[in-house]
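First the proteins, then the strands, lettered A, B, ... as listed; each starts at 1.
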Amino acid sequence: MTHEPFDTLAATYALGALDGDERAQFERHLAGGCDVCEETLRESAEALAALALAEPRAIPPPEVKDALLRRIAATTSPRLERPQPRRLVWAVATLAAMIVGAAFTGTFVASRYEGRLGQMAREAAALRTRVQQDEAALREQIAVYQAAVDLLRDPTTRVVTLHGLGPSPEATGRVIWHPVSGGHVFVANLPAAPAGSAYELWTIGDGAPQPAGLFRVDASGRGTHRIAAVQGGKTVKVFAVTIEPEAGVPAPTGPMVLASK
Amino acid sequence: MATAGADLIRQMAAGDRQAFALFYDRHAPVVFPLILRIVRERADASDVLQEVFWEAWRDAGGYDPSRGSPEAWMITRARTRAIDRVRATRRRSQTFVAPLDEAMAAAPADPAGDAAEQAADRGTIRSALGRLPEAQREVIELAYYAGLTQTEIAARIKQPLGTVKTRIRLGLERLRDVVKTSP
């Protein structure tokens with residue numbers, strides 16, 4: 001194969017007009033090392049640059065230079081620390097910093113800032129704990145939503161609406177229910193249960209109501225609760241929520257606050 | 001001048017901001033009109049200009065004087081970025097024909113009519129491009145100023161791709177000779 005096809009590719013490439021497979025082909029050729037093409041590209045770039053150099057000059061908007069200088073000043077380049085003359089400056093500065101630092105560490109900080117540092121450390125620790133708690137809560141919430149979404153993908157999953165009753169007519173709720181996997185209840189506008197009590201969920205089929213777990217609501221009146229599947233996969237006809245002692249009871253005793261129809 | 005330019009880039013590579021300011025003052029007035037001619041919008045041209053010089057500052061350490069003059073280093077960079085911008089805009093707007101027509105209107109591919117007037121506008125560029133046969137000049141200008149690829153040029157001027165390639169090759173050969181023989 002002669003080199004001639006590559007002369008054409010190189011010229012087109014230098015113009016930025018090479019496209020498609022030919023571009024990839026030429027780049028492979030270049031990567032393999034080709035002095036002839038390198039030279040063609042170099043000379044072409046100079047020739048094309050000469051076209052631009054032959055045009056009249058124009059002063060660009062001054063804000064471009066300002067922006068560039070600001071941008072450069074904002075990035076502290078590690079390259080700055082390398083040149084020889086600066087080394088001495090750095091050595092002196094470092095020594096000075098060490099002396100000052102030693103004075104501070106030895107006396108000043110110890111006496112004056114110890115208490116404050118201790119307080120800051122405690123605050124930081126408290127903050128960390130809170131962040132960890134928040135994170136755990138969020139993860140839990142995400143897991144619930146994920147589970148709910150997974151359930152919703154299943155065509156046998158039902159979504160049941162709960163209506164507020166008696167003491168809390170504003171309350172609303174939804175149960176996402178799968179006959180085999182169980183489901184989740186989501187409630188809103190439900191006031192916090194009175195002290196010493198909790199909300200208890202019931203599943204009602206053909207027989208007596210079955211306890212389906214206790215839950216609480218947050219300050220905004222919202223709560224979620226995972227519902228285990230009913231043993232034997234029995235059909236659930238009604239979901240209900242009552243106020244019960246916080247330890248929970250095997251059969252409903254308190255007022256009903258939410259129920260499906 | 002070329003040596004001094006290379007020195008500036010070396011100083012930039014060492015983190016010298018003053019060298020960068022000098023480098024900018026030297027090259028921006030050449031590069032800016034080129035970018036403006038390709039991207040057409042002044043605001044876009046300012047963006048591209050900033051991008052190009054920022055990259056020059058960042059990549060100064062990679063500059064190799066044996067592989068090209070500082071001018072070619074900057075101008076190639078500027079053309080590439082400006083054309084990237086034009087192509088991105090073209091893709092975004094999804095209108096292919098209109099920008100091409102605009103680009104053609106802007107590209108100095110003149111038939112007979114107002115040739116003299118345009119020649120004056122274009123100044124000395126005519127001396128290099130003007131020595132090319134019209135057919136070669138046309139394809140080079142379409143690539144250089146309108147950012148068209150060889151395939152797009154072929155579609156634009158309704159010529160086979162092979163013809164476009166040959167014209168580009170011959171045209172560039174001629175341009176290289178002009179530059180090599182000029183002082």
message: Using modelled atom types and a 3.5 Å cut-off, is there a donor and acceptor pairing between side-chain atoms of B:R79 and backbone atoms of A:A49?
response: no
- prompt: B:D25 versus chain A, heavy atoms under 4.5 Å apart: side chain, backbone, both or neither?
  reply: side chain
query: Nearest heavy-atom pair of A:L68 and B:W54: which atoms, and what distance?
result: CD2-N, 3.7 Å
query: Does B:K165 come within less than 4.0 Å of A:E22, counting only side-chain N to carboxylate O?
result: yes
message: side chain to side chain contact (heavy atoms under 4.5 Å, CB included), that's the test. Do B:L172 and A:L15 meet it? Break it down for me.
response: CA-CA 9 Å; B:L172 261 186; A:L15 254 184; 4.3 Å; yes
message: Quick check on A:E170: does its CD atom have over 12 non-hydrogen neighbours (other residues, nucleotides or ligands) under 6.0 Å away?
response: no
message: Within the supplied structure, the quantity of interest is the number of heavy atoms (other residues, nucleotides, ligands) at a distance under 6.0 Å from A:D35 CG; does it exceed 12?
response: no
message: Is it the case that the side chains of A:T12 and B:R169 hold a donor-acceptor pair, with the cut-off being a distance below 3.5 Å and no angle test?
response: no
task: Name the option with the most non-hydrogen atom pairs under 4.5 Å to chain B; the candidates are A:G16, A:A50, A:S44.
output: A:S44
Pair B:S69-A:E46, side-chain donor/acceptor within less than 3.5 Å: yes
- request: Pick whichever of A:L9, A:L41, A:I59, A:T8 has the most heavy-atom pairs under 4.5 Å with chain B.
  value: A:T8
task: Let me know if B:I140 has heavy atoms under 4.5 Å from chain A in its side chain, its backbone, both or neither.
output: both
field: Side chain / backbone / both / neither for B:L34 at chain A, heavy atoms under 4.5 Å
entry: side chain
- line: Smallest heavy-atom separation, A:P61 atom then B:Y24 atom, equals O-OH, 4.4 Å
query: Got A:L18 and B:T149 here, is their nearest side-chain heavy-atom distance under 4.5 Å?
result: no
- line: Taking every heavy atom of B:L148 against every heavy atom of A:A17, the minimum-distance pair comes out as O-CB, 3.6 Å
Residue A:E39 excluded, over 12 heavy atoms near CD under 6.0 Å: yes
- prompt: For A:A45, is it the side chain, the backbone, both or neither that has a heavy atom under 4.5 Å from a heavy atom of chain B?
  reply: both
statement: Cut-off 4.5 Å, heavy atoms of chain A, and the answer for B:A21 is both
query: Above 12 or not: heavy atoms from other molecules or residues under 6.0 Å from CG of A:D134?
result: yes
- request: Take A:D19 and B:Q150 through the side chain to side chain contact (heavy atoms under 4.5 Å, CB included) test and state the conclusion after the steps.
  value: CA-CA 7 Å; A:D19 54 10; B:Q150 55 180 8; 3.2 Å; yes
message: Is any side-chain heavy atom of B:Q50 closer than 4.5 Å to one of A:K65?
response: no
message: A quick test of your reading: do over 12 heavy atoms of other residues, nucleotides or ligands sit less than 6.0 Å from CD of A:E123?
response: yes
- request: Just give me the residue among A:A10, A:A58, A:A14, A:A47 that pairs up with chain B most often, heavy atom to heavy atom, under 4.5 Å.
  value: A:A58
message: Please evaluate residues A:T40 and B:R176 with respect to the criterion side chain to side chain contact (heavy atoms under 4.5 Å, CB included), reporting the C-alpha separation (whole Å), side-chain torsions for both, the decisive distance (0.1 Å), and the verdict.
response: CA-CA 9 Å; A:T40 305; B:R176 292 201 295 267; 3.5 Å; yes
field: Within 6.0 angstrom of A:R57 CZ, more than 12 heavy atoms from elsewhere
entry: yes
task: Keeping the roles fixed (side chain from B:Y144, backbone from A:L48), state whether a donor-acceptor pair exists under 3.5 Å.
output: yes
message: Are more than 12 heavy atoms, taken from residues, nucleotides or ligands other than A:R71, located less than 6.0 Å from that residue's CZ atom?
response: yes
Per-residue contact mode, A:E38 against chain B (heavy atom under 4.5 angstrom): side chain
- request: For side chain to side chain contact (heavy atoms under 4.5 Å, CB included), just list the numbers for A:L69 and B:F20, CA-CA rounded to whole Å, side-chain angles, deciding distance to a tenth of an Å, and then say yes or no.
  value: CA-CA 9 Å; A:L69 293 177; B:F20 175 80; 3.9 Å; yes
task: Please flag which part of B:T80 lies under 4.5 Å from any non-hydrogen atom of chain A: side chain, backbone, both or neither.
output: neither
- line: Heavy atoms of A:A52 and B:V30 approach each other most closely as O-CG1, 4.0 Å
